[in-house]
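Here is the structure we will look at.
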Amino acid sequence: MAGATGGAVGRSEAEAADGPDGPDGPDGPGGGGYDATPFLPGRRARLPGLRKAAAGCRGCPLYRDATQTVFGEGDAGAAVFLLGEQPGDQEDRQGRPYVGPAGKVLTRALADAGLDPAQAYVTNAVKHFKFTVPEGRKRRIHKAPNLREITACRPWLLEELRLVSPEVVVALGASAGKALLGSSFRVTEQRGALLPWPDTGRDGGSAPDIRGLVATIHPSAVLRADDRDRVYDGLVADLRVVADVLGGPEGGSGR
């Protein structure tokens with residue numbers, strides 16, 4: 001999975017990234033702008049139906065260059081909901097989240113923190129791979145999504161949260177945190193603690209079963225670090241907060 005290093009962008013930058021469609025956004029029902037809502041299935045749809053509908057999402061321009069939508073997967077009744085930034089190169093090719101190098105780091109860190117990776121649900125704030133190809137090269141280089149693209153994809157995330165109804169959500173990196181807590185979120189200032197669950201503006205996303213949110217770095221930060229052991233240990237320490245919450249006297253639903 002690609003690293004979550006993006007932040008909020010100013011109005012002029014966001015508009016410049018819109019492409020030829022301008023502020024009305026990409027082609028889609030009614031030309032309603034950057035918004036995946038028109039592509040959502042009915043509220044009776046479960047995760048398989050949501051995944052099928054997301055495959056046809058045209059809620060922002062990122063679908064045009066990406067290979068496919070990369071939807072979440074994992075335990076549909078998971079207590080732990082892992083939220084990353086966007087698919088990386090390997091995820092885009094395979095159509096599954098967390099199958100690249102950072103995904104391997106995350107799987108190991110979860111186990112070291114006392115959490116079973118098989119009992120988690122994993123997804124991304126943005127479901128299409130955003131990238132650039134430097135002139136004269138073939139390799140696709142990750143490009144962080146801007147705030148408008150994160151917001152456009154948010155309806156999918158809120159539906160996933162409603163259907164999975166986890167106990168704890170883990171925001172992996174800055175973009176994941178901004179998707180839920182807004183543009184003022186700073187992972188370096190808010191990591192490693194159980195934060196209050198925000199009012200997401202949708203009844204499903206505000207489910208009372210969600211006890212809170214724990215922010216940490218994206219696992220790709222470990223791969224980029226000079227001192228990988230130290231940065232990895234910090235990731236594991238943050239994830240142990242989740243394990244402690246679930247293992248506490250009020251935690252652990254046994255799901």
Checklist outcome for this item: On a heavy-atom basis, the closest approach of Asn124 and Pro87 is ND2-N, 3.7 Å
Checklist outcome for this item: Heavy-atom closest pair (Ala109 atom, Leu235 atom, distance to 0.1 Å) is CB-CD2, 3.8 Å
Checklist entry - So do Leu83 and Leu172 actually touch side chain to side chain, heavy atoms under 4.5 Å? => result no
Item to check | For Val231 against Ile217, the heavy-atom pair lying closest together | outcome: CG1-CD1, 3.4 Å
Next on the checklist: Quick check on side chain to side chain contact (heavy atoms under 4.5 Å, CB included): which of Leu110, Leu106, Val122 does Pro117 satisfy it with?
Outcome noted: Leu110
Checklist entry - Would a 4.5 Å heavy-atom cut-off, applied to side chains only, mark Pro166 and Val80 as touching? => result no
Item to check | Gap between atom NZ of Lys178 and atom CG of Asn146 - 0.5 Å precision | outcome: 12.0 Å
Item to check | Distance in Å, Asp244 CG paired with Leu239 CG, rounded so as to fall on 0.5 Å steps | outcome: 11.0 Å
Next on the checklist: With heavy-atom distances below 4.5 Å as the criterion, would you say the side chains of Tyr232 and Asp112 are in contact?
Outcome noted: yes
Next on the checklist: Distance check, rounded to the nearest 0.5 Å: Lys52 atom NZ versus Leu47 atom CG?
Outcome noted: 15.0 Å
Checklist entry - If you look at every heavy atom in Cys57 and Trp156, which pair is closest and at what distance? => result SG-NE1, 3.3 Å
Next on the checklist: I want to check something: taking the side chain as every heavy atom from C-beta on, are Tyr34 and Cys153 in contact at a cut-off of under 4.5 Å?
Outcome noted: no
Item to check | Residues Lys127 and Glu160 bridged, charged N to O under 4.0 Å | outcome: yes
Next on the checklist: Any heavy-atom pair between the side chains of Asp35 and Pro155 that's under 4.5 Å?
Outcome noted: yes
Next on the checklist: Any side-chain to backbone donor/acceptor pair from Gln86 onto Lys143? Under 3.5 Å, distance only.
Outcome noted: yes
Checklist entry - Got more than 12 heavy atoms from elsewhere within 6.0 Å of CZ, Arg51? => result yes
Checklist entry - Would you call Arg140 and Asp65 a salt bridge, using N to O less than 4.0 angstrom? => result no
Checklist entry - Is the side chain of Gln119 donor-acceptor paired with the backbone N or O of Ala79 at a distance under 3.5 Å, no angle test? => result no
Checklist entry - Can any side-chain N or O of Arg230 pair as donor or acceptor with the backbone N or O of Ala225 at less than 3.5 Å? => result no
Checklist entry - Between atom CZ of Phe71 and atom CG of Leu50, what is the distance when rounded to the nearest 0.5 Å? => result 3.5 Å
Next on the checklist: Taking Ile141 as the starting point, is it possible to reach Phe129 by hopping between hydrophobic residues whose side chains are less than 4.5 Å apart?
Outcome noted: no
Next on the checklist: Can you confirm whether Val99 sits close enough to Arg93 that some side-chain heavy atom of one is under 4.5 Å from a side-chain heavy atom of the other?
Outcome noted: no
Checklist entry - Is there side-chain contact between Glu167 and Leu246, with at least one heavy-atom pair below 4.5 Å? => result yes
Checklist entry - So, Arg58 side chain and Tyr63 main chain: donor-acceptor pair closer than 3.5 Å or not? => result no
Checklist entry - Can you find a pair of side-chain heavy atoms, one from Leu180 and one from Leu161, that are under 4.5 Å apart? => result yes
Next on the checklist: If hydrophobic clusters are built from ILVMFWY residues whose side chains come within less than 4.5 Å, do Val105 and Val70 share one?
Outcome noted: no
Checklist outcome for this item: Of all heavy-atom pairs linking Ala215 and Leu213, the shortest is N-CD2, 3.9 Å
Checklist entry - Quick one: CG on Leu115 to OG1 on Thr107, what's the gap to the nearest 0.5 Å? => result 11.5 Å
Which pairs of donor and acceptor atoms, one on a side chain in residues 187-196, lie under 3.5 Å apart (sequence neighbours left out)?
from, atom 1, to, atom 2, distance (Å)
Gln190, OE1, Arg186, N, 3.0
Arg191, NE, Asp238, OD2, 2.7
Arg191, NH2, Gly234, O, 3.3
Arg191, NH2, Asp238, OD2, 2.7

Checklist entry - What distance do Lys130 atom NZ and Asp92 atom CG have between them, rounded to the nearest 0.5 Å? => result 14.5 Å
Checklist entry - Do the ring planes of His218 and Tyr98 sit parallel (below 30°), tilted (30 to 60°) or perpendicular (above 60°)? => result parallel
Next on the checklist: Determine whether Arg228 and Leu223 satisfy the following criterion, side chain to side chain contact (heavy atoms under 4.5 Å, CB included), listing intermediate values before the conclusion.
Outcome noted: CA-CA 7 Å; Arg228 291 189 177 187; Leu223 300 174; 4.1 Å; yes
Checklist entry - Which atom names give the shortest non-hydrogen contact between Pro134 and Arg139, and what distance separates them? => result CD-O, 3.7 Å
